[in-house]
**Student:** 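Structure provided below as structure tokens; questions to follow.
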Amino acid sequence: MSAKPTCLIVASASPQGVSAASFHQSFSLVASVFNLQTATPGGKPIDFVGVDESTARWVQDFNLKPYATPAKLESIDGARYQVLLLPDCPGALNDLAHSGSLHRILTHFIAHQKPVCAVGQGVSALCCATEGQRWIFDGYSLTGPSVFELVRRPDFANLPLVVEDFVKDSGGSYTASKEDAVHVVIDRHLITGQNMQSTSLAVNNLILLSSAK
């Protein structure tokens, strides 16, 4: 039997954190299929937000596991990974969206047509991948949080970028469904989910895409 492929899970290290529900769903689905490596800018611990009764015990258990200590995103070699997953991270707008290290990794994944999955506010992390005036996902179809979903954030007026606007301005094709509706877009090897509710469907498609390669 062939060795499991390795999945890199990139999360934000900013105080706005990572959605506990989206990360929990993502991790639970991929843990049996892939070898896993988490990474954050600076290798800082993952700060889970929105922890509730359904995720509190899991987060507590996760934090005791060896893979709960992320690698430094800056030292990650994209060539070592077959799959990239960006869960719903409200904090991604503040660090991953302008990360040179993630840009380097995404460039490798695009060049080798490796599966990439981004969910909810994790989609903003894809915005880091600009070379000069060109976005490397120019011509791709994708989704991400709609303005109607983002406007509910208390910091909406101060958001450094809005995914919907960025995609349209950078040559991508953006679609969204109603607020909080499950909506997933697959274009070549890129899978995007509109919101936290789309996590499970997006990640299951990532698993399918990976097994088809």
**Student:** Taking side-chain hydrogen bond (donor to acceptor under 3.5 Å, both in side chains) as the definition, give me every residue that meets it alongside S22, ordered by chain and number, with sequence neighbours left out.
**Tutor:** T199
**Student:** Looking at residues at least two apart in the chain, or sitting in another chain, which of them share a side-chain contact (heavy atoms from CB on, under 4.5 Å) with A31?
**Tutor:** F27, L36
**Student:** Measure the spacing between OG of S124 and CZ of F166 and express it to the nearest 0.5 Å.
**Tutor:** 10.0 Å
**Student:** With a 6.0 Å cut-off on ring centres, are F62 and F23 close enough?
**Tutor:** yes
**Student:** Indicate yes or no for a side-chain donor-acceptor contact from Q82 to the backbone of T6 under 3.5 Å, with no hydrogens or angles considered.
**Tutor:** yes
**Student:** Just by modelled atom types, is the V167 backbone N or O under 3.5 Å from a matching donor or acceptor in the S170 side chain?
**Tutor:** no
**Student:** Please answer: with hydrophobic residues joined when any side-chain heavy atoms are less than 4.5 Å apart, are Y81 and L102 in the same cluster?
**Tutor:** yes
**Student:** Let's go through L8 and I76 carefully: what are the C-alpha distance in whole Å and the side-chain angles of both, what is the deciding distance for side-chain contact (heavy atoms from CB on, under 4.5 Å) to 0.1 Å, and is it a yes or a no?
**Tutor:** CA-CA 9 Å; L8 177 64; I76 290 289; 3.7 Å; yes
**Student:** Please check: side-chain N/O of D88 versus main-chain N/O of Q121, any donor-acceptor pairing under 3.5 Å?
**Tutor:** yes
**Student:** If you round to the nearest 0.5 Å, how far is CD1 of I9 from CG of L84?
**Tutor:** 9.5 Å
**Student:** Taking all non-hydrogen atoms of both residues, which atom of A181 and which atom of N195 are closest, and how far apart?
**Tutor:** O-ND2, 2.9 Å
**Student:** Is there a chain of hydrophobic side chains (I, L, V, M, F, W, Y, each step under 4.5 Å between heavy atoms) that links V147 to L93?
**Tutor:** yes
**Student:** Side chains of K114 and H108: do they bring a donor and an acceptor to under 3.5 Å?
**Tutor:** yes
**Student:** Is any NZ, NE, NH1 or NH2 atom of the basic residue among R104 and D77 found under 4.0 Å from an Asp or Glu carboxylate oxygen of the other?
**Tutor:** no
**Student:** For V49 and P90, work out which heavy atoms get closest and say how close.
**Tutor:** CG2-CG, 4.1 Å
**Student:** May I ask you to decide if N94's main-chain N or O and Q16's side chain share a donor-acceptor pair within less than 3.5 Å?
**Tutor:** no
**Student:** So do C7 and N35 actually touch side chain to side chain, heavy atoms under 4.5 Å?
**Tutor:** no
**Student:** What residues form a side-chain hydrogen bond (donor to acceptor under 3.5 Å, both in side chains) with T69, not counting sequence neighbours?
**Tutor:** none
**Student:** Is a side-chain N or O of S210 found less than 3.5 angstrom from the main chain of L206, in a donor-acceptor match?
**Tutor:** no
**Student:** E179 versus R152: any side-chain heavy-atom pair under 4.5 Å?
**Tutor:** yes
**Student:** Is it the case that the side chain of S14 and the backbone of G91 share a donor-acceptor pair, with hydrogens and angles ignored and the cut-off at 3.5 Å?
**Tutor:** yes
**Student:** Any donor-acceptor pair under 3.5 Å linking the side chain of D165 with the backbone of K168?
**Tutor:** no
**Student:** In terms of hydrophobic clustering (I, L, V, M, F, W, Y; side-chain heavy atoms under 4.5 Å; direct or indirect links), are V10 and L29 co-clustered?
**Tutor:** no
**Student:** To the nearest 0.5 Å, tell me how far T143 OG1 sits from H183 NE2.
**Tutor:** 4.0 Å
**Student:** If you take all heavy atoms of S198 and G193, which pair is closest and at what distance?
**Tutor:** CB-CA, 3.9 Å
**Student:** Answer yes if the side chains of Q194 and E149 hold a donor-acceptor pair under 3.5 Å, and no otherwise.
**Tutor:** yes
**Student:** Using side-chain hydrogen bond (donor to acceptor under 3.5 Å, both in side chains) as the criterion, list what pairs up with Y140, not counting sequence neighbours.
**Tutor:** H189
**Student:** Can you confirm whether Q133 is buried at CD, in the sense that more than 12 heavy atoms of other residues, nucleotides or ligands lie under 6.0 Å from that atom?
**Tutor:** no
**Student:** With a 4.5 Å limit on heavy-atom distance, are the side chains of V203 and Q25 in contact?
**Tutor:** no
**Student:** Going by side-chain contact (heavy atoms from CB on, under 4.5 Å), V116 matches just one of V83, I191, L126. Which one?
**Tutor:** L126
**Student:** Applying a strict under-4.5 Å side-chain criterion to I, L, V, M, F, W and Y, I'd like to know whether F109 and L73 cluster together.
**Tutor:** yes
**Student:** Do M196 and V119 have side chains that get closer than 4.5 Å, going by heavy atoms?
**Tutor:** no
**Student:** Restricting to non-hydrogen atoms, name the atom on V18 and the atom on C89 that form the minimum distance, rounded to 0.1 Å.
**Tutor:** CG2-SG, 3.9 Å
**Student:** Which pair of heavy atoms, one from W135 and one from C127, lies closest together, and at what distance?
**Tutor:** NE1-CA, 3.8 Å
**Student:** Can you sort out the partners of D138 under side-chain contact (heavy atoms from CB on, under 4.5 Å), two or more places apart, ordered by chain and number?
**Tutor:** R134
**Student:** Taking all atoms of both residues into account, what is the closest heavy-atom pair of D187 and G139, and its distance?
**Tutor:** OD2-O, 4.0 Å
**Student:** With distance as the sole test, does T40 use its side chain to make a donor-acceptor pair with the main-chain N or O of K44 at under 3.5 Å?
**Tutor:** yes
**Student:** Is there a path of hydrophobic side-chain contacts, each under 4.5 Å between heavy atoms, that joins V30 and L209?
**Tutor:** yes
**Student:** Can you name the residues that form a side-chain hydrogen bond (donor to acceptor under 3.5 Å, both in side chains) with R188, not counting sequence neighbours?
**Tutor:** none
**Student:** Working to the nearest 0.5 Å, report the span between OG of S146 and OH of Y174.
**Tutor:** 5.0 Å
**Student:** Please indicate whether R80 has more than 12 foreign heavy atoms, meaning atoms of other residues, nucleotides or ligands, lying under 6.0 Å from its CZ.
**Tutor:** no
**Student:** Determine whether the side chains of D95 and S12 contain a donor N or O and an acceptor N or O closer than 3.5 Å.
**Tutor:** yes
**Student:** About how many Å separate CD1 of I136 and CG of L106, when rounded to the nearest 0.5 Å?
**Tutor:** 5.5 Å
**Student:** Roughly how far, to the nearest 0.5 Å, is CD1 of I105 from CD1 of I110?
**Tutor:** 13.5 Å
**Student:** Near F148 CZ, under 6.0 Å, is it more than 12 heavy atoms from other residues, nucleotides or ligands?
**Tutor:** no
